[in-house]
Amino acid sequence: MKNIQKIKGTQDILPDISAKWQYIEKTVRTIMRRYGYNEIRTPMFEVTDLFARGIGQLTDIVSKEMYTFLDRSKKSITLRPEGTAPVMRAYLENNLGEARPVQKLYYISPMFRQENPQAGRLRQFHQFGVECIGPQAPEADVETIMVGLDIYRELGLKNFTVKINSVGDAESRIAYKAQLQEFLKPSFAQLCPTCQQRYETNPMRILDCKNEACNALIMDAPRILDALTSDARAHFDKVLALLDQNEVTYEIDHRLVRGLDYYTYTAYEFIGGSLGAQNALGGGGRYDLLAEEIGAKKQTCAVGFAAGIERLIMAMESENLFPELQAGVDVFIATFGGATQDAGFKLAHDLRKQNISTLTELMGRSLKAQMREANRSGARFALILGEDELRTRRASLKNLANSDQKEVDLNQIAEEIKSQLQSNQAR
RNA sequence: GUGGGCGUAGCUCAGGUGGUAGAGCGCCAGAUUGUGGCUCUGGUGGCCGCGGGUUCAAGUCCCGUCGCUCACCCCA
């Protein structure tokens, strides 16, 4: 009989690691609040069509990476591979735009893509992200970038860069695609097979191909920034000006096009410097056309980003940024079985009612073993409760950090622990 | 989907040219009749991923298979 194990590309987040997750999540929520973003939680699965139409049929995500299945009523369901389309769906479905012209939303949630796992790539992974829906103003683009930066800064991350580009509006892109095809036409035969396909379907994707031959060809390709309409160009210039004015350092990356079809105007990425092959910490941009792709009657402007939590953890570990996160209980009650065990159990109940975190012995071990357990658990105090103590109504309270031990009246234990915790912040 | 590396104790890993297994850490216990961390002593713990083949004999060689991992594509 084979042991059951986790599905490829998934992870068990065990207690020592989950403390890191909580640390990051707490920071994310703090910064989101600082910028006035509110949390939205959408379902983990959606009708397949949402992603097929929203993200684009010929993106890698839709064409080969989605977890799609038929439910019992033969409806096609997909585990969400990314967060933006569901948020936009929820925005439209709930008429959030009618309630307020600007909706600033954030999420922290799992995503699912059926790819081969490797460092920094999982089948279930987690992202936090923001969507600023409504404004067309460049300020909104810049604000989302600053949210991401502030989160990384707050966590102490140093080794990363911001890359930015504009993929223009529909008109700019039609013009640019034609320029690019024109440019590549003579050397079509030298392109890699996938890029030969892209040449027709989505020539801009050739720009971020990593194949040597394609790379060489693209070096001198025309730049999309030179093909932008005056509106698109003005928007991009304003974004850059705002970044400059607000102390954001960035690099313009002419080959940054991003993998999802819905981007317009601004596209940007947070690139980690210590991550290995999968080095994108997060990415985002403006997507003014997504709403209509999934059925909105009128154009809905929006900009946002998504960032990987697993990759952030990797980056933070390589920069050694996690503080001591061990949170031991306040007190471990050691007993000797029988009446002392019952008394200890009841005492724990009383202490917990007073918000003192308490551990009791559950294995019936020796005092020595219980003391070892108390130490291992990180408890601040050990309380020793034996027959004598029960009789005299006084128990021994030992401070495990400095080994100070004193007799305390059973009715005074909570007060004693509280005052000691307060006075010396015990360890 | 493709390619490389790796599967030996709870964890990290040793195990020239084949002779049925070891270390460190952890865990348990003792030194200390009711007191942790340090030290010392002892102990627990392994169908050597699985299946087949070669051989008197396989952790070791061969084949297959599964799993993990890194990488390609692409992305978080």
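Lettering of chains follows the sequences in order, A, B, ..., and the numbering in each one begins at 1.
A:R376 comes within 4.0 angstrom of sugar-phosphate atoms only, judged by non-hydrogen atoms across all strands, and of no base. Heavy atoms of A:E389 sit under 4.0 angstrom from at least one base atom. Among the heavy atoms of the strands, none lies under 4.0 Å from A:L312. Within the 4.0 angstrom heavy-atom criterion, no nucleotide atom of any strand lies near A:G129. Residue A:F336 is in base contact, counting any heavy-atom pair closer than 4.0 Å across all strands shown.
For A:E387 and B:U35, the CD to P distance is 16 Å, given to the nearest whole Å. As rounded to whole Å, 14 Å separates atom C1' of B:A76 from atom CZ of A:R80. Rounded to an integer number of Å, the gap from CD1 of A:I271 to P of B:A76 is 10 Å. As a whole-Å value, the separation of A:I313 CD1 from B:A76 P is 18 Å. Taking atom CZ of residue A:F112 and atom P of nucleotide B:C75, one finds them 21 Å apart after rounding to whole Å. Here the P atom of nucleotide B:G37 and the CG atom of A:N375 are 7 Å apart, to the nearest Å.
Between the P atoms of B:U69 and B:C63, the separation comes to 25 Å (whole Å). Remark: the separation of the C1' atoms in B:U60 and B:C48 is 10 Å, to the nearest Å.
Contact annotation: A:K64 side-chain N/O to B:G1 OP1/OP2 distance is not under 4.0 Å.
When atom types are taken as modelled, the side chain of A:R286 and the backbone of A:A267 share no donor-acceptor pair closer than 3.5 angstrom. Within the 3.5 Å criterion, the main-chain N or O of A:G386 finds a donor-acceptor partner in the side chain of A:E389.
Taking the six-membered ring for Trp and the full ring otherwise, A:Y199 and A:F188 have centroids separated by under 6.0 Å.
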- prompt: Can you list the steps and then say if A:Y265 with A:Y287 is a ring pair (Phe, Tyr, Trp, His ring centres under 6.0 Å)?
  reply: CA-CA 8 Å; A:Y265 289 87; A:Y287 47 95; over 10 Å; no
